[in-house]
Engineer: 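I'd like to ask some things about the structure below.
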Amino acid sequence: MARCVTRCCGRHLLNGSSLSARLRSSSKLSSPPPSSCTSVLQRVAPHRFPRQSFSSGKFAHRGVYAASNSSSMAETPAAAPSRATEAAEGHLPVQKEEIVYKRYLTVYNRTVQYPADSEGQAKAVDYDVVGHPQAEFKYVVVFPFHPKEGGGGEVTILKEYNQGINDLAYCLPTGGFCPKKHKNMEECAAAELSEEAHLCGGEYIRLLPDDHPGIPELKWSRNRFVPYLVIGPETDHNPGGRDFEEIIEEVRRVSISELKQIMFSGEMQTPSVVTAASALEHLTKLGHL
């Protein structure tokens, strides 16, 4: 995920000042959820998750509560909005946020106000939060699938240097969105497929709904990734250049059975494992597997 830093933005990092604006513009509460969902949640943490608050935009766009029963909910008076409601929406009040370090990664010190507990006690907590503002906190992971006649196929995977563990690990083509180069996430996926796997063309399938912001990378990260399946890519005879800091030792095709062994060996990056699992499920539904 250092890719967009060097390739399109150099080492000049953005200040990430848009976060507070994003929080202020977060979606409002929508229709209430089914009582069957909220009853479980209330038993877990009733003082932090009031029943009227679980149909925020964060959940609604995935259709989690699309089948809510409005007639049954009408019998329950709606409580006044509270800090606990904000917590359930996924946006706690941010008292302060400042950049404490920036290079490939930007590290923020974020002070968050927790909602009051059942005894009325509230607390503020400092967090280390990381992300790539120069990539707009989003990137792609691409699953290149090469179908065979009669069913089945192979997958192109990489073995790349991972600086955190100071070792090589398996992965799929992965890279950050660059607003100076990419019009959308599919263009970003095509660029990474060319640069890292030396492949081009094929049928691109986004494995999340168009309005989904992406899968959270880590608990403490602002980054999200969008998984893509590409069916039938071909060799790119004029591939894009790789980044200065990238060391890709191996690019090879593997069978589906070998891919599964690698996925569950503990030797593949987590976003690639998630993308591979999603792609295999989709390929099964399409009849390729």
Side-chain angles (χ1 to χ4, degrees), residues 1-5 7-8 104-105 130-132 134-146 153-165 168-178 181-182 184-219 221-233 236 239-240 242-243 245-254 256 259-260 262-283:
M1 276 302 299
R3 295 166 177 78
C4 189
V5 181
R7 182 168 62 241
C8 70
Y104 287 106
L105 282 169
V130 302
H132 291 285
Q134 66 276 14
E136 297 184 357
F137 305 105
K138 55 189 179 184
Y139 63 102
V140 297
V141 184
V142 187
F143 187 93
F145 177 69
H146 309 275
E154 296 178 322
V155 181
T156 294
I157 63 171
L158 318 175
K159 201 167 190 181
E160 182 180 20
Y161 175 70
N162 287 230
Q163 64 269 33
I165 60 173
L168 298 170
Y170 289 105
C171 64
L172 297 169
T174 302
F177 175 77
C178 182
K181 292 182 62 176
H182 309 135
N184 51 49
M185 296 300 280
E186 186 171 316
E187 279 197 6
C188 179
E192 292 304 323
L193 191 63
S194 173
E195 293 163 14
E196 296 193 355
H198 293 179
L199 296 171
C200 64
E203 177 189 359
Y204 282 73
I205 301 173
R206 180 184 169 114
L207 296 173
L208 289 176
D210 289 340
D211 61 348
H212 197 293
I215 301 171
E217 179 182 45
L218 295 166
K219 179 180 178 180
S221 173
R222 291 177 62 178
N223 298 333
R224 292 174 176 266
F225 68 92
V226 176
Y228 274 89
L229 164 63
V230 181
I231 300 177
D236 189 345
R242 293 174 179 168
D243 297 327
E245 79 283 358
E246 286 182 321
I247 301 177
I248 297 178
E249 181 185 80
E250 186 178 347
V251 179
R252 66 187 176 100
R253 292 189 186 186
V254 297
I256 299 300
L259 171 69
K260 290 180 178 179
I262 292 172
M263 286 170 61
F264 303 117
S265 68
E267 302 298 327
M268 178 175 265
Q269 296 173 8
T270 303
S272 293
V273 174
V274 173
T275 298
S278 181
L280 291 174
E281 176 72 13
H282 197 80
L283 287 168

Engineer: Identify the heavy atoms of A197 and P173 that sit nearest to each other, and give their distance.
Structural biologist: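 Scanning both residues, the minimum pair turns out to be CB-CG, 3.9 Å.
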
Engineer: For the CD atom of E160 and the CG atom of L168, what is their distance to the nearest 0.5 Å?
Structural biologist: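 One gets 9.0 Å once the value is rounded to the nearest 0.5 Å.
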
Engineer: Who passes side chain to side chain contact (heavy atoms under 4.5 Å, CB included) against L218, sequence neighbours left out?
Structural biologist: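 Listed in chain order: W220, S221.
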
Engineer: For the backbone of F177 and the side chain of E192, can you confirm whether one donor and one acceptor N or O come within less than 3.5 Å of each other?
Structural biologist: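 No, because the side chain of E192 does not come within donor-acceptor range (under 3.5 Å) of the backbone of F177.
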
Engineer: Please name all residues satisfying side chain to side chain donor-acceptor pair (under 3.5 Å) with S194, sequence neighbours left out, ordered by chain then number.
Structural biologist: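 Partners of S194 under the side chain to side chain donor-acceptor pair (under 3.5 Å) test: D236.
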
Engineer: Are T174 and P271 side-chain neighbours, meaning at least one heavy-atom pair lies under 4.5 Å?
Structural biologist: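 SC-SC contact between T174 and P271 ruled out.
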
Engineer: Name all residues meeting the side chain to side chain contact (heavy atoms under 4.5 Å, CB included) criterion together with D210; count only those two or more places apart in sequence or in a different chain, and write none if there are none.
Structural biologist: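 Only R206 meet the side chain to side chain contact (heavy atoms under 4.5 Å, CB included) criterion with D210.
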
Engineer: Are the side chain of H132 and the backbone N or O of K138 linked by a donor-acceptor pair below 3.5 Å?
Structural biologist: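 Not confirmed, H132 side chain does not pair with K138 backbone.
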
Engineer: Restricting to side chain to side chain donor-acceptor pair (under 3.5 Å), what partner residues turn up for E249, sequence neighbours left out?
Structural biologist: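 Side chain to side chain donor-acceptor pair (under 3.5 Å) check on E249 returns nothing, list empty.
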
Engineer: Which pair of non-hydrogen atoms, one from L172 and one from T156, has the smallest distance, and what is that distance?
Structural biologist: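 Closest approach of L172 to T156: CD2-O, 3.8 Å.
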
Engineer: Run the side chain to side chain donor-acceptor pair (under 3.5 Å) test against E154 and tell me which residues pass, sequence neighbours left out.
Structural biologist: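 E154 satisfies side chain to side chain donor-acceptor pair (under 3.5 Å) with no residue once adjacent residues are dropped.
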
Engineer: Would you say the side chain of L280 lies within less than 4.5 Å of the side chain of L259, judging by non-hydrogen atoms?
Structural biologist: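 Yes; the side chains approach each other to less than 4.5 Å.
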
Engineer: If you round to the nearest 0.5 Å, how far is CZ of F137 from CD of E217?
Structural biologist: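 Result: 11.5 Å between the selected atoms.
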
Engineer: Rounded to the nearest 0.5 Å, how far apart are CG of L193 and NE2 of H198?
Structural biologist: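 NE2 of H198 is found 10.5 Å from CG of L193.
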
Engineer: Between V274 and P227, is there a side-chain heavy-atom distance shorter than 4.5 Å?
Structural biologist: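 Not in contact.
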
Engineer: Indicate the atoms forming the closest heavy-atom contact of E187 with H182, along with that distance.
Structural biologist: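 Shortest heavy-atom contact: OE1-CA, 3.6 Å.
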
Engineer: Can you measure from CZ (R252) to NZ (K159) and round to the nearest 0.5 angstrom?
Structural biologist: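 Answer rounded to 0.5 Å: 7.5 Å.
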
Engineer: Where do G201 and V230 come nearest, in terms of heavy atoms and distance?
Structural biologist: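 In this case the closest contact between G201 and V230 is O-CG1, 3.5 Å.
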
Engineer: Taking ring pair (Phe, Tyr, Trp, His ring centres under 6.0 Å) as the test, write out the residues that go with F225, two or more places apart.
Structural biologist: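 Once residues adjacent in sequence are excluded, the partners of F225 under the ring pair (Phe, Tyr, Trp, His ring centres under 6.0 Å) criterion are Y139.
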
Engineer: Ignoring hydrogens and angles, tell me if any N or O in the side chain of R242 forms a donor-acceptor pair with the backbone of E196 under 3.5 Å.
Structural biologist: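 The answer is yes, because a donor-acceptor pair under 3.5 Å joins these two groups.
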
Engineer: With a 4.5 Å heavy-atom cut-off, do L208 and M185 have their side chains touching?
Structural biologist: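 The answer is no, as the side chains (C-beta and beyond) never meet within the 4.5 Å cut-off.
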
Engineer: Please report the shortest heavy-atom distance between R224 and G214, naming the atom on each side.
Structural biologist: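 What the structure gives for the nearest pair is NH1-O, 2.6 Å.
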
Engineer: Please list, chain by chain and in numerical order, all residues satisfying side chain to side chain contact (heavy atoms under 4.5 Å, CB included) with H282, sequence neighbours excluded.
Structural biologist: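 Listed in chain order: I205, L207, L229, L286.
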
Engineer: Mind checking what makes salt bridge (charged side-chain N to carboxylate O under 4.0 Å, His left out) contact with E203, not counting sequence neighbours?
Structural biologist: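 Residues passing salt bridge (charged side-chain N to carboxylate O under 4.0 Å, His left out) with E203: none at all.
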
Engineer: For Y228, enumerate each residue passing the ring pair (Phe, Tyr, Trp, His ring centres under 6.0 Å) test, keeping only those at least two apart in sequence or located in another chain.
Structural biologist: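 Ring pair (Phe, Tyr, Trp, His ring centres under 6.0 Å) check on Y228 returns nothing, list empty.
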
Engineer: Once rounded to the nearest 0.5 Å, what's the spacing between atom OG1 of T275 and atom CE of M263?
Structural biologist: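 It is 9.5 Å, given to the nearest 0.5 Å.
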
Engineer: Taking C-beta and beyond as the side chain, do L158 and V251 meet within less than 4.5 Å on heavy atoms?
Structural biologist: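 In short, these two side chains touch, coming nearer than 4.5 Å.
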
Engineer: Are the side chain of S265 and the backbone of I262 linked by a donor-acceptor contact shorter than 3.5 Å?
Structural biologist: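 A pair under 3.5 Å: yes.
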
Engineer: Which residues satisfy the side chain to side chain contact (heavy atoms under 4.5 Å, CB included) test with E281, sequence neighbours excluded?
Structural biologist: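 By the side chain to side chain contact (heavy atoms under 4.5 Å, CB included) rule, E281 matches K285.
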
Engineer: Quick one: does N162's side chain have a donor or acceptor within less than 3.5 Å of a partner on G164's backbone?
Structural biologist: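 It does not hold such a pair.
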
Engineer: Looking at every non-hydrogen atom in both residues, tell me the closest pair between V140 and C188 and how far apart they are.
Structural biologist: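 Shortest heavy-atom contact: CG2-SG, 3.6 Å.
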
